[in-house]
J.: 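My questions all concern the structure below.
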Amino acid sequence: MLSVTRCVGDKQRYLAAGEPSDGGARPARDIARRLVHAPAPALACQSAVRRSGEAICATRVNAYHPAQLPRRRTNVLSPELLRNVLESAPDAIVIVDPDGRVVFASHQVEALFGHAPGEIVGERIERLLPERFRQAHQGYRHGYGRSARTRPMGVGLDLYALRKDGTELPVEISLSPIQDGERMLVAAAIRDVSERRRIQTELTQAREAADRANQAKSRFLATASHDLRQPLQSLSLLHGTLCRLVKEPTTETAVAQQGQAIEAMSRLLNALLDISKLESGAVRPDPTDFTVAALFEELRGEFGSVAASKGLDLRIGPAAHDVHSDPSLVGQILRNLVSNAIKYTREGFVQLSCLDWTSGVRIEVADTGIGIPASQLPYIYDEFYQIGVASNTAREGYGLGLSIVHRLVALLGLKLDVQSEVGRGSVFALELPTASGAARGENRSARSAPPSGAGRQSSSPRILLVDDDAGVRNATAMLLAVEGYRVVAASSLSEAVHKAQEDPPIDLLITDYHLNDGETGVQVIAALRRIVGADLKAVLVTGDTSSTIRDFKADPKIRVASKPINADELLGLLTALLASR
């Protein structure tokens, strides 16, 4: 629909679209007719074309599909309504002829570019582009003319336009071809995307900052897992040595209290590092098929004596089930649940059960403990939250176990239910998927009691100890010597190889995982086995939780010990490993 006003001096004639006219009015009507019948979305344009000293002002709105066009002139919309629709168009719209000259420009052009519509009508469209883009744009414009279709302009490119004041702005442009008799016009809808680009830039910067923060956190955790655990490792081993040397009752009491302090500090550090690793994404699941029975036996060995010391009965039911998940992380979940059950049970029992379930296998940890009030159940997974323990009183734990459990369950995509009644106990139930194939039995080292002199081999096994930390190396060597082992110590891979070649035989290797200069205990084990033989037994001491470390649990001649390991645990590993075939 087009209304045309010819202004000649003080006279004005109004020509409705479809009426005969002379001079330059007919081309404007033809353009309008083509726009009305074009299938493209509605365009609202206003332009002023100067011809032979006369101003021809055209206002046109295309808001119809051909099927919707009025069939009678009595239904033609008024110019005033069309003008109002034009003013409401959100984007700046220009229509360009085959020579690249602007024939229509909407009023939004002035808001976007600072040019009045009459200032750019008749000008080449490149006037609205920065100088550096103008030559290339001419080629793009000719290329579009050869394969014209409705599409965005410059897909994948950052497009910029030029304001009247010389500043640039990022834009999005949609192109639509319009056939006008023998020639083809192009309508371009132009939108300012400065705000969107600003938000995208801020989001990109925020994401990069978060990535850098995560990387820094991961580096900190890697350092903390090794460097913070090292002094605790030394303290724990030195404490174990003192326990074996001190015989005077008063001193024994002091040493026992020292051991309790070291154990509490170790538990807190381990819990905090575990939470930090889970928060940073440093812990990645490594799911596989495994047997629940093997995990239950490990928990029996670890918590049997602890429960007995409180007068509790640790009941572990049969578990002829194979499941699919990360065995190390599932083990960590159950350890925290069993530890909590023992902590909050004064009398009765703690029971581990494995049941068939509709969705797979259900492992239950039940107790006859103090129970949890229904009002407190929503808070039991919060950090440092403990049932019935005031924040300013002495506590056995730190309220971090269930928080770690909650994160691990989410990480593994499992389901954990809890039912509890005050004074009668609680049941935590973990649901696991059944094994996807034949379960791979894992050789897990059960915790054993400290070895006695009669229990060890009479030949006094010779142990090669490799650790780059002098404090840990000396404390470990002292403990082993007190227990009657012959110890050869080394601080690096090359020194360990030299000692093994210079003074064989070696019955067992103890090595830290992280050594100086990027060396690892994995490399030490491989190098020593090439010298001593593939049957060399080894204990790999580490705080690492990666799948590379966990894979060594499948090697029957290797035990993986998590830092900080106390003296009894380390000596128990050595006894079990030396006695194995």
Side-chain angles (χ1 to χ4, degrees), residues 214 217-218 221-222 224-225 229 266-267 269-303 319 321-341 352 354 357 359-365 380-381 383 400-418 428-437 439-447 513 540 542-554 559-565:
N214 278 336
K217 194 171 185 179
S218 295
L221 290 171
S225 294
R229 283 186 167 114
S266 297
R267 288 199 308 268
L269 175 62
N270 287 334
L272 291 174
L273 287 175
D274 286 342
I275 287 179
S276 296
K277 284 183 177 181
L278 290 168
E279 288 288 348
S280 70
V283 178
R284 300 189 182 277
D286 183 23
T288 186
D289 293 348
F290 66 96
T291 59
V292 177
L295 184 56
F296 274 17
E297 284 306 307
E298 184 174 333
L299 294 171
R300 185 198 303 275
E302 187 169 342
F303 291 100
H321 298 80
D322 299 331
V323 296
H324 185 81
S325 189
D326 185 309
S328 178
L329 299 182
V330 170
Q332 190 172 356
I333 292 173
L334 295 179
R335 282 185 181 85
N336 280 310
L337 293 177
V338 173
S339 176
N340 260 23
L352 266 171
C354 187
W357 205 247
S359 58
V361 176
R362 178 180 171 103
I363 298 177
E364 293 184 350
V365 179
I380 61 175
Y381 300 114
E383 293 89 345
L400 294 172
L402 289 181
S403 180
I404 294 172
V405 165
H406 183 66
R407 287 171 167 82
L408 288 173
V409 168
L411 180 66
L412 295 174
L414 303 177
K415 182 180 179 181
L416 180 67
D417 290 329
V418 57
F428 285 83
L430 179 68
E431 295 182 18
L432 294 162
T434 55
S436 56
R440 182 184 68 192
E442 294 193 5
N443 292 293
R444 300 172 180 273
S445 58
R447 303 291 188 245
Y513 177 66
L540 186 64
T542 180
D544 198 298
T545 59
S546 70
S547 60
T548 301
I549 295 300
R550 292 199 298 271
D551 285 345
F552 277 93
K553 291 185 178 181
R559 299 289 187 270
V560 178
S562 297
K563 291 182 180 180
I565 183 172

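Every value quoted in this text rests on a predicted model; they were computed, and no experiment measured them.
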J.: How long is the straight-line distance from CG of Leu334 back to CD of Glu302, given to the nearest 0.5 Å?
T.: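 It is 11.0 Å, given to the nearest 0.5 Å.
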
J.: Quick check: do Ser328 and Asp286 have side-chain heavy atoms less than 4.5 Å from each other?
T.: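 Counting from C-beta outward, Ser328 and Asp286 never come under 4.5 Å.
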
J.: Taking the side chain as every heavy atom from C-beta outward, state whether Ser325 and Leu414 have any pair of such atoms under 4.5 Å apart.
T.: yes

J.: Identify the two heavy atoms, one from Asp326 and one from Phe290, that lie closest to each other, and give their separation to 0.1 Å.
T.: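 Shortest heavy-atom contact: C-CE2, 4.3 Å.
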
J.: Report yes if some heavy atom in the side chain of Val323 is under 4.5 Å from a heavy atom in the side chain of Asp289; otherwise report no.
T.: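 SC-SC contact between Val323 and Asp289 ruled out.
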
J.: To the closest 0.5 Å, what do you measure between CZ (Phe296) and CG (Leu352)?
T.: 4.5 Å

J.: When rounded to the nearest 0.5 angstrom, what distance separates CD in Glu364 from CG in Leu337?
T.: 11.5 Å

J.: Looking at every heavy atom in both Gln332 and Ile404, which two are closest together, and how far apart are they?
T.: NE2-CG2, 3.9 Å

J.: Under the criterion side-chain contact (heavy atoms from CB on, under 4.5 Å), which of Ile333, Asp322, Ile363, Leu412 is the partner of Leu432?
T.: Ile363

J.: Using every non-hydrogen atom in the two residues, find where Asp417 and Arg362 come nearest and quote the distance to one decimal.
T.: OD2-NH1, 4.0 Å

J.: Nearest heavy-atom pair of Leu295 and Gly331: which atoms, and what distance?
T.: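 Where Leu295 meets Gly331 most closely, the heavy atoms are CD1-CA, 3.7 Å.
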
J.: Using the test side chain to side chain contact (heavy atoms under 4.5 Å, CB included), find all partners of Ala293 that sit at least two apart in sequence or belong to another chain.
T.: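 In terms of side chain to side chain contact (heavy atoms under 4.5 Å, CB included), with neighbours along the sequence ignored, Ala293 is linked to Ala319.
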
J.: Are Asn340 and Val405 packed together at the side-chain level, in the sense that at least one heavy-atom pair is separated by less than 4.5 angstrom?
T.: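 Contact flag for Asn340/Val405 side chains = no.
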
J.: So which atom in Val361 and which in Thr434 form the shortest heavy-atom distance, rounded to 0.1 Å?
T.: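 In terms of heavy atoms, the two residues are closest at CG2-CG2, 3.9 Å.
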
J.: Start with the C-alpha distance between Thr542 and Val560, add both sets of side-chain angles, then the distance that settles side-chain contact (heavy atoms from CB on, under 4.5 Å), and finish with yes or no.
T.: CA-CA 7 Å; Thr542 180; Val560 178; 4.0 Å; yes

